[in-house]
Amino acid sequence: MSLVKLSIKGISYSQTQNGAYALILNEVDGDKKLPIVIGAFEAQSIAIALEKEIKPPRPLTHDLFKNFAERFDIKVKQVIIHKLVDGVFYSSIICERDKIEEIIDARTSDAIALALRFNSPIFTYKNILDKAGIFLNNNTEVTTNPNDIEAVLSNSEPFEHEIESNQSGSSYADKSIQELNELLSKAVENEDYEMAAKIRDEISKR
């Protein structure tokens with residue numbers, strides 16, 4: 001299976017799920033977007049890594065991991081989103097120490113937060129992108145909204161439970177495939193990627 005390189009396009013606040021954010025990953029050599037729903041804590045950590053000028057007075061969990069890894073000469077070579085089951089993304093962190101590679105299982109948001117800190121590439125498999133990616137036409141743009149980033153950084157409420165799963169809601173269970181596809185198109189047009197991810201997962205389940 002071929003790997004597809006991804007970049008982080010932005011973080012968008014969820015309009016339908018309180019305390020959740022949609023992390024938008026972008027296909028580097030294509031137009032597909034891969035939205036992943038994450039919690040506020042993870043979104044905050046990723047946002048801080050994206051904003052290079054922001055340095056917390058004390059290291060966050062992912063900063064601590066980076067400091068720990070560097071102290072023992074452990075390098076994060078790459079992150080691979082390798083599996084999608086029932087809307088839940090599974091990732092692996094490929095590490096290296098003394099020229100020996102190790103593969104560590106991780107939540108996708110944690111893996112991406114670390115990849116940013118280590119300047120490591122992020123990949124997924126083509127079949128996952130084909131299944132879960134959202135294709136946008138040339139007239140649609142996705143950008144990192146400064147207000148969204150500011151909202152993430154100013155969020156003081158902890159969100160311990162990682163969502164990261166884009167689970168389909170029961171509100172879509174009684175919809176036909178045609179209705180779901182129409183709703184998906186509208187969600188993408190409105191740039192509501194969190195809702196689009198849920199509808200996409202409901203279509204995949206069918």
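Keep in mind that the numbers below use all heavy atoms, side chains included, and drop hydrogens, waters and symmetry copies. Sequence positions, counted from 1, serve as the residue numbers for this chain.
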K.L.:
Can you tell whether the side chains of E101 and K77 come within less than 4.0 Å, N to carboxylate O?
P.N.:
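K77 and E101: salt-bridged.
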
K.L.:
Could you check if a side-chain atom of L50 sits within less than 4.5 angstrom of a side-chain atom of L116, using non-hydrogen atoms only?
P.N.:
yes

K.L.:
Do the side chains of D63 and R58 get close enough for a salt bridge, i.e. N-O under 4.0 angstrom?
P.N.:
no

K.L.:
To the nearest 0.5 Å, how far apart are NE2 in H62 and OG in S109?
P.N.:
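The OG atom of S109 is 6.5 Å from NE2 of H62, to the nearest 0.5 Å.
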
K.L.:
Answer yes or no for K66 and F118: cation-pi contact, defined as NZ/CZ to six-membered ring centre under 6.0 Å and angle to ring axis within 45°.
P.N.:
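Yes, cation above the ring, under 6.0 Å and within 45°.
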
K.L.:
Around atom CG of L64, are there more than 12 heavy atoms from other residues, nucleotides or ligands closer than 6.0 Å?
P.N.:
yes

K.L.:
So, for V76 and C95, which heavy atoms are closest and what is the spacing to 0.1 Å?
P.N.:
CG2-SG, 4.3 Å

K.L.:
Classify the angle between the aromatic ring planes of Y90 and H82 as parallel (below 30°), tilted (30 to 60°) or perpendicular (above 60°).
P.N.:
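If you compare the ring of Y90 with that of H82, the planes turn out tilted.
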
K.L.:
For K33 and P35, work out which heavy atoms get closest and say how close.
P.N.:
O-CD, 3.5 Å

K.L.:
Salt-bridge test for E182 and K186: reply yes if a basic N is under 4.0 Å from a carboxylate O, no otherwise.
P.N.:
no

K.L.:
Is I103 linked to L3 within one hydrophobic cluster, defined over Ile, Leu, Val, Met, Phe, Trp and Tyr using a side-chain heavy-atom separation of less than 4.5 Å?
P.N.:
yes

K.L.:
What is the distance from atom CG of L84 to atom OG1 of T124, rounded to the nearest 0.5 Å?
P.N.:
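Answer rounded to 0.5 Å: 8.5 Å.
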
K.L.:
Determine, for E27 against K5, whether the closest basic-nitrogen to carboxylate-oxygen distance falls under 4.0 angstrom.
P.N.:
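No salt bridge links E27 with K5.
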
K.L.:
If Ile, Leu, Val, Met, Phe, Trp and Tyr residues are connected whenever their side-chain heavy atoms lie under 4.5 Å apart, and connections chain through other members, are I74 and L114 in the same group?
P.N.:
no

K.L.:
Minimum heavy-atom separation for A115 and I122, please, with both atom names.
P.N.:
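Of all heavy-atom pairs spanning A115 and I122, the closest is CB-CG1, 3.9 Å.
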
